[in-house]
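Written below as structure tokens is the structure these notes are about.
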Amino acid sequence: MKSQKERMLAGELYVANDAELSRENHRAKRLVREFNQTTEEQPEERQRLLTAMFHKIGAGGYIEPPFHTDYGTNTTIGQHFYANYDAIFVDVNRITIGDNVFMGPRVGLYTAGHPIDAAIRAEELEYGWPITIGNDVWIGGNVVINPGVTIGSNVVIGSGSVVTHDIPDNVVAVGNPCHVLREITAADHDYPNSAQLTLRTVTMKTSR
């Protein structure tokens, strides 16, 4: 028989109130608490805790406290990653983030889901589907990314969007539910055009 952890990572119904999962969740909570209590004068300690927390975080990865996650060990992050305040990674299934990904404040990556049928929910059964984000992605503030979503590379997600389905490469996508607004073209390399788009659709702070 599969363990509850194996069922969880396979996207099957599982019970979260399991001894193995509880141990891993408590470990993540301890690391998160220690990370959130660090100060701006402890960059090395912050990096140490992030390295211990995640399955992998690439060079140049930076997260502004406070931050929250369920396990951490189910999350893989590429190089030159940045997440602003109040990021939440509910990683009951795998979260995979590529290189050069920036996130505005209060971005939520939620792999967890609960059955629609109330009787099944009452049995404390839940599930998780993976979230994948490509390279060179900019996600505006207060964006929610739902279970099972894949976001392509070279994508901008406008602030306040709720992403319920896959987003292809090379587009700007906005809204609730999030939808493709337009393709990204060579014209976006021109600073005035890019700046105007940013002011209209994306809220982001990239200073450290």
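This structure is a prediction, so every number in the text was calculated from the model and none was measured. Throughout, numbering of the chain's residues begins at 1 and tracks the sequence.
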Side-chain heavy-atom pair His179, Val174 within 4.5 angstrom cut-off:
yes
Partners meeting side-chain contact (heavy atoms from CB on, under 4.5 Å) with Lys2 (sequence neighbours left out):
Glu6, Arg7, Ala10, Glu12
In Å and rounded to the nearest 0.5 Å, what is the NZ to CG distance from Lys29 to Leu31?
12.0 Å
Is there a salt bridge (charged side-chain N to carboxylate O under 4.0 Å, His left out) between Arg121 and Glu126 once you walk through the steps?
CA-CA 7 Å; Arg121 286 202 307 273; Glu126 55 187 85; over 6 Å; no
Could you measure the distance from the CD1 atom of Ile133 to the CD1 atom of Ile139? Nearest 0.5 Å is fine.
4.0 Å
What distance do Ile95 atom CD1 and Asn74 atom CG have between them, rounded to the nearest 0.5 Å?
8.0 Å
Going by the side-chain contact (heavy atoms from CB on, under 4.5 Å) test, name the single residue among Asn142, Asn84, Val143 that passes it with Arg106.
Asn142
Is Val15 isolated, or which residues cluster with it under the ILVMFWY side-chain rule of less than 4.5 Å, directly or via members?
Leu13, Ile120, Leu125, Tyr127, Trp129
Would you indicate whether Gln42, at its atom CD, is surrounded by more than 12 heavy atoms from other residues, nucleotides or ligands within a distance under 6.0 Å?
yes
Decide yes or no for Phe35 and Pro65: does some side-chain heavy atom of the first lie under 4.5 Å from some side-chain heavy atom of the second?
yes
Count the heavy atoms belonging to other residues, nucleotides or ligands that lie under 6.0 Å from CG of Asp117, then report whether that count exceeds 12.
yes
Show your working on side chain to side chain contact (heavy atoms under 4.5 Å, CB included) between Val163 and Val144 and close with a plain yes or no.
CA-CA 6 Å; Val163 188; Val144 170; over 6 Å; no
Carboxylate-amine/guanidinium contact Arg23 Glu20, below 4.0 Å:
no
Step by step, work out the side chain to side chain contact (heavy atoms under 4.5 Å, CB included) result for Gln79 and Phe81.
CA-CA 6 Å; Gln79 298 184 17; Phe81 172 74; over 6 Å; no
Would you check, one step at a time, whether the test side chain to side chain contact (heavy atoms under 4.5 Å, CB included) holds for Val162 with Cys178?
CA-CA 5 Å; Val162 178; Cys178 189; 5.9 Å; no
Closest heavy-atom contact between Pro147 and Gly113?
CG-N, 4.4 Å
Residues in side-chain contact (heavy atoms from CB on, under 4.5 Å) with Asn135, at least two apart?
Asp99, Ser153
Indicate yes or no: at least one non-hydrogen side-chain atom of Arg182 is less than 4.5 angstrom from one of Asp188.
yes
Do you know which two heavy atoms are closest between Leu109 and Met103, and how far apart they sit?
CD1-CE, 3.8 Å
Sole residue of Thr69, Thr73, Ile131 in side-chain contact (heavy atoms from CB on, under 4.5 Å) with Asp91:
Thr69
Per the side chain to side chain donor-acceptor pair (under 3.5 Å) rule, which among Gln47, Arg48, Arg46 passes with Thr38?
Arg46
Residue list, ring pair (Phe, Tyr, Trp, His ring centres under 6.0 Å) with Tyr71, at least two apart or on another chain
none
What residues form a ring pair (Phe, Tyr, Trp, His ring centres under 6.0 Å) with Phe67, not counting sequence neighbours?
Phe54, Phe89
Identified side-chain contact (heavy atoms from CB on, under 4.5 Å) counterpart of Tyr110 within the set Ile145, Asp70, Val149, Ile88
Ile88
Pair Thr51, Ile57 - check side chain to side chain contact (heavy atoms under 4.5 Å, CB included), show working.
CA-CA 6 Å; Thr51 300; Ile57 182 168; 4.3 Å; yes
Quick one: pull up CE in Met53 and CZ in Arg30 and give me the separation to the nearest 0.5 Å.
10.0 Å
Are Val90 and Ile157 connected in the hydrophobic side-chain network, where two residues link if heavy atoms are under 4.5 Å apart?
no
Student check: side-chain heavy atoms of His80 and Tyr82 closer than 4.5 Å:
no
Verify, without hydrogens or angle tests, whether Ser159 (side chain) and Gly140 (backbone) share a donor-acceptor contact under 3.5 angstrom.
no
From Asp18 CG over to Met8 CE, what is the distance, rounded to the nearest 0.5 angstrom?
9.0 Å
Are Thr75 and His55 side-chain neighbours, meaning at least one heavy-atom pair lies under 4.5 Å?
no
What distance do Thr96 atom OG1 and Ile151 atom CD1 have between them, rounded to the nearest 0.5 Å?
12.5 Å
Would a distance-only check, ignoring hydrogens and angles, find a side-chain to backbone donor-acceptor pair under 3.5 Å from Thr76 to Lys56?
no
I'd like to check the ring pair (Phe, Tyr, Trp, His ring centres under 6.0 Å) partners of Tyr14; sequence neighbours left out, ordered by chain and number.
none
For residues Asn154 and Asp169, is any side-chain donor paired with an opposing acceptor at under 3.5 Å?
no
